[in-house]
Asker: 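Have a look at this one before I ask anything.
Here is how names work: the chains are called A, B, and so on, in the same order as the sequence lines, proteins then strands, and each is numbered from 1. Every value quoted in this text rests on a predicted model; they were computed, and no experiment measured them.
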Number of protein chains: 2
Amino acid sequence: MSDTDPRASRTGRPRSTAADAAILEATRASLVDLGWSKLTMSDVATRAGVAKTTLYRRWAGKNELVVDAVAVLFDELELPDRGSLAADVRGVVLQFAALLERPEARTALMAVVAESTRDDSLRHRIRSAIVDRQKRLVLQGRERAQARGELRYEDDASAAARNADLIFDVIAGAVVHRTLVSAEPVDAEWASGFTSLLLLGLAGAQAA
Amino acid sequence: MSDTDPRASRTGRPRSTAADAAILEATRASLVDLGWSKLTMSDVATRAGVAKTTLYRRWAGKNELVVDAVAVLFDELELPDRGSLAADVRGVVLQFAALLERPEARTALMAVVAESTRDDSLRHRIRSAIVDRQKRLVLQGRERAQARGELRYEDDASAAARNADLIFDVIAGAVVHRTLVSAEPVDAEWASGFTSLLLLGLAGAQAA
DNA sequence: TTCCTTACGCTACGACCCGTAGCGTAACTG
DNA sequence: CAGTTACGCTACGGGTCGTAGCGTAAGGAA
């Protein structure tokens with residue numbers, strides 16, 4: 001969460017965990033009301049009932065604060081077994097799309113990614129707090145599909161890892177692009193079309 | 001380009017087209033040096049050798065200015081006939097990836113998209129200036145593939161349009177996500193893997 | 001040419017946010 | 001108790017924002 005590890009110093013007044021929670025909650029509320037660009041540290045401090053200096057003691061700035069405030073939203077994603085690979089893909093697509101409907105997520109995600117193009121430490125923070133944690137969904141879905149016999153088990157471990165990364169970028173990228181760039185809704189129909197394309201490919205989806 | 005149409009008023013001193021070009025060029029240069037978040041209107045004005053008030057006479061703010069400054073970069077994309085659908089896809093993926101390697105493009109694209117989530121007019125500006133213009137590549141590639149016999153001609157016109165939009169979101173989304181979110185390189189190997197996945201689908205690409 | 005209209009450069013301005021310093025006080029440890 | 005760290009508060013210089021006001025420049029119309 002915050003920058004410094006509280007266990008490093010066992011003496012002195014401990015940091016208020018209530019303040020941590022209040023700050024992150026206030027950050028999400030401010031994102032909803034004001035959006036990324038108009039969100040200010042002063043506003044978050046006021047909403048959280050906390051002094052501005054307290055924010056700077058824990059986060060280097062707006063970028064880091066917002067990443068931590070939004071990261072928890074992505075942990076809500078899960079992949080219940082829906083019986084087939086196609087159903088699992090459709091399900092996660094719709095779930096991810098619902099997350100991107102939330103104003104705090106949509107305004108923050110692209111903004112921090114944009115900032116991360118010029119800030120290595122921020123990019124690593126995004127990776128560890130958001131991106132890498134969601135790759136579990138791809139791995140889980142693949143294992144299930146392999147167990148069902150829908151996908152083969154792969155021999156080369158590094159090739160399998162590259163493949164998982166590729167699938168992750170394709171699914172997440174398509175949903176993000178559809179939602180935020182094209183600014184069109186991800187509904188059940190789109191999810192089905194995308195799933196067909198992903199499973200069958202261009203020619204195969206056309207034939208179906 | 002600018003906000004007001006110069007042909008609307010035929011009297012008075014005309015706007016300097018040289019200033020327009022200088023401002024957009026200065027904006028790109030400032031994006032390279034400072035990035036989106038540290039770019040200021042004052043800095044752009046100074047670089048362009050123009051008064052700050054001149055900027056505000058043409059653009060409502062930083063968002064609109066940057067969209068116009070970056071839009072021209074995307075028009076460089078083209079789709080030469082490489083002989084097969086797979087080769088065409090690989091080619092456009094690598095071309096788009098090269099564009100996203102340019103610092104002015106990568107820092108600006110995600111930032112304006114993030115802003116557009118709370119600004120309808122900005123979103124329309126992005127669509128007309130950037131997104132919609134690039135869908136020509138999908139349409140062109142599909143026509144060629146159909147002429148080669150690699151894809152069927154589609155009967156339903158609206159279904160064909162939805163399909164083109166889907167493919168656009170999948171290709172552009174995957175490249176953007178790989179480059180900016182996962183922050184991994186789009187090299188020839190990745191482009192080939194992605195192309196196989198797009199053409200053959202999950203099971204098909206695994207078998208190949 | 002003269003008049004009209006619009007664009008330009010320049011200066012100045014209030015408003016706002018940034019990030020930090022300094023201080024007294026609060027909370028926890030040994 | 002003393003020692004250490006966190007907190008709230010105030011204040012500050014520095015920077016950007018977007019606009020107003022002014023005199024001047026560059027075109028078109030009579």
Side-chain angles (χ1 to χ4, degrees), chain A residues 1-27 30-31 33-66 111-112 115 118-119 121-122, chain B residues 1-27 30-31 33-66 111-112 115 118-119 121-122:
Chain A
M1 280 274 185
S2 310
D3 274 344
T4 54
D5 189 354
R7 288 163 301 188
S9 64
R10 296 197 157 280
T11 175
R13 178 176 175 174
R15 287 196 173 163
S16 163
T17 57
D20 272 318
I23 290 169
L24 293 175
E25 177 60 35
T27 303
S30 187
L31 280 173
D33 290 351
L34 305 178
W36 160 267
S37 59
K38 294 185 179 174
L39 176 147
T40 67
M41 298 295 268
S42 303
D43 178 73
V44 172
T46 303
R47 285 173 192 257
V50 155
K52 192 171 57 163
T53 44
T54 298
L55 266 70
Y56 283 103
R57 286 192 188 97
R58 302 170 191 225
W59 288 278
K62 180 173 161 174
N63 293 337
E64 292 78 5
L65 172 61
V66 169
V112 295
E115 290 302 305
R118 307 204 112 235
D119 183 338
S121 72
L122 181 63
Chain B
M1 280 276 184
S2 310
D3 274 343
T4 54
D5 189 355
R7 289 161 300 187
S9 64
R10 294 199 157 280
T11 176
R13 176 177 176 176
R15 287 196 174 163
S16 163
T17 57
D20 272 317
I23 290 169
L24 293 175
E25 176 60 35
T27 303
S30 188
L31 281 173
D33 290 352
L34 305 177
W36 161 266
S37 59
K38 294 186 179 173
L39 177 147
T40 68
M41 298 295 267
S42 304
D43 177 73
V44 172
T46 303
R47 286 173 191 256
V50 156
K52 191 172 58 163
T53 44
T54 298
L55 266 70
Y56 282 103
R57 287 192 188 96
R58 302 170 192 224
W59 289 277
K62 180 172 161 175
N63 293 337
E64 292 77 6
L65 172 60
V66 169
V112 295
E115 289 302 303
R118 309 202 109 236
D119 183 338
S121 72
L122 182 62

Asker: All N/O contacts under 3.5 Å from nucleotides 16-20 of chain C to the protein, with atom names and distances to one decimal?
Answerer:
from   : atom 1 : to      : atom 2 : distance (Å)
C:dC18 : OP1    : A:Met41 : N      : 3.3
C:dC18 : OP2    : A:Met41 : N      : 3.4
C:dG19 : OP2    : A:Tyr56 : OH     : 2.6
C:dG19 : N7     : A:Lys52 : NZ     : 3.1
C:dG19 : O6     : A:Lys52 : NZ     : 3.0

Asker: Nearest whole angstrom, please: distance from the C1' of D:dC17 to the CG of B:Leu55.
Answerer: 13 Å

Asker: Heavy atoms only: give me the nearest B:Glu115-B:Leu122 pair and the separation to one decimal.
Answerer: CB-CD2, 3.6 Å

Asker: Could you tell me whether the side chain of B:Leu65 reaches within less than 4.5 Å of the side chain of B:Tyr56, counting heavy atoms only?
Answerer: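 Sidechains of B:Leu65 and B:Tyr56: no contact.
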
Asker: With side chains defined as the heavy atoms from C-beta onward, is the minimum distance between A:Arg15 and A:Arg57 less than 4.5 Å?
Answerer: yes

Asker: Quick one: pull up OG1 in B:Thr40 and NZ in B:Lys62 and give me the separation to the nearest 0.5 Å.
Answerer: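 B:Thr40 OG1 to B:Lys62 NZ: 8.0 Å, rounded to 0.5 Å.
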
Asker: With respect to the phosphate group of C:dT5, does any side-chain polar atom (N or O) of B:Arg13 fall under 4.0 Å of OP1 or OP2?
Answerer: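 It does not, given that no N or O in the side chain of B:Arg13 lies less than 4.0 Å from OP1 or OP2 of C:dT5.
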
Asker: Of all the nucleotides listed (C:dG9, C:dA27, D:dC9), which has the minimum atom distance to the side chain of A:Ala51?
Answerer: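 Side chain of A:Ala51 sits closest to D:dC9.
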
Asker: Within a strict 4.5 Å, meaning less than it, do heavy atoms of the A:Asp43 and A:Lys38 side chains meet?
Answerer: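 No, too far: nothing below the 4.5 Å cut-off.
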
Asker: Looking at C:dA7, I'd like to know if its phosphate oxygens (OP1 or OP2) sit under 4.0 Å from a side-chain N or O belonging to B:Arg57.
Answerer: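 For B:Arg57, the contact criterion (side-chain N or O under 4.0 Å from OP1 or OP2 of C:dA7) is not met.
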
Asker: Can you find a side chain N or O atom of B:Thr54 that sits less than 4.0 Å from OP1 or OP2 on C:dG9?
Answerer: yes

Asker: If you take all heavy atoms of A:Ser42 and A:Lys52, which pair is closest and at what distance?
Answerer: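 Distance-wise, the nearest heavy atoms are OG-CD, 3.5 Å.
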
